[in-house]
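Each remark here refers to the structure printed beneath this line.
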Amino acid sequence: MNFLRSNLQYTHYSWTAMSGDDPKISGVPDSTLFNRNEGYEVLYLINKFLEKHSLTSIQAGQKVERMIRTGLPVDVRGQKNVIDWITTNWDKY
């Protein structure tokens, strides 16, 4: 499944164009800082989380988005740390 921009619940994102090889949206999640207000980064992280956990529903992707928007602590900044936080807190949301 590929979670798309049209699947997002929230609309207040910046959509700054990024190249396909930008480390923020390519490869595997790492210590690259995550911008929760940048739509392309949010989509990338949602899709990486869904892939990692073999989730295929739009609802699961929207849950990840909701967790990022409403629960992710401001001090959780690296992509890998964000995914780890979502994994740890999945059952709480």
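FYI, side chains are in, hydrogens and waters are out, and symmetry mates aren't considered; it's all heavy atoms of this structure. As the structure is a prediction and not an experimental result, all values here were calculated from the model.
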Checklist entry - Run the side chain to side chain contact (heavy atoms under 4.5 Å, CB included) check on Val64 and Leu45 step by step: do they pass? => result CA-CA 9 Å; Val64 173; Leu45 217 65; over 6 Å; no

Side-chain heavy atoms of [X] within contact of [Y], under 4.5 Å:
X	Y	value
Phe34	Arg77	no
Arg69	Asn37	yes
Lys63	Trp90	yes
Ile86	Tyr93	no
Tyr40	Thr16	no

Between [atom1] of [X] and [atom2] of [Y], what distance do you get to the nearest 0.5 Å?
X	Y	atom1	atom2	answer
Ile83	His53	CD1	NE2	7.0 Å
Ser14	Arg36	OG	CZ	15.0 Å
Leu43	Asn7	CG	CG	8.5 Å
Met1	Asn47	CE	CG	7.0 Å
Lys48	Phe3	NZ	CZ	16.0 Å

Checklist entry - What's the verdict on side chain to side chain donor-acceptor pair (under 3.5 Å) for Tyr13 and Glu65, showing C-alpha distance, side-chain angles and the deciding distance? => result CA-CA 12 Å; Tyr13 292 108; Glu65 180 192 17; 2.7 Å; yes

Checklist entry - Lys80: what forms a salt bridge (Lys or Arg N to Asp or Glu O under 4.0 Å) with it, not counting sequence neighbours? => result Asp84

Checklist entry - Any link between Leu4 and Trp15 through a network of hydrophobic side chains (Ile, Leu, Val, Met, Phe, Trp, Tyr) touching at under 4.5 Å? => result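 Shared cluster, no.
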
Next on the checklist: Is a donor from one side chain sitting under 3.5 angstrom from an acceptor on the other, for Gln79 and Thr32?
Outcome noted: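 No, no side-chain donor-acceptor pair sits under 3.5 Å.
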
Checklist entry - Can you tell me if Tyr10 and Gln62 form a side-chain donor-acceptor pair at under 3.5 Å? => result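 Tyr10 vs Gln62: no donor-acceptor pair found between side chains.
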
Item to check | Residue that, paired with Met67, satisfies side-chain contact (heavy atoms from CB on, under 4.5 Å) out of Leu72, Asn89, Ile46 | outcome: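 Of Leu72, Asn89, Ile46, side-chain contact (heavy atoms from CB on, under 4.5 Å) with Met67 is met by Asn89 alone.
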
Checklist entry - Are there more than 12 heavy atoms of other residues, nucleotides or ligands under 6.0 Å from atom CD1 of Ile58? => result no

Item to check | Aromatic ring proximity Trp85/Phe49, centre distance under 6.0 Å | outcome: no

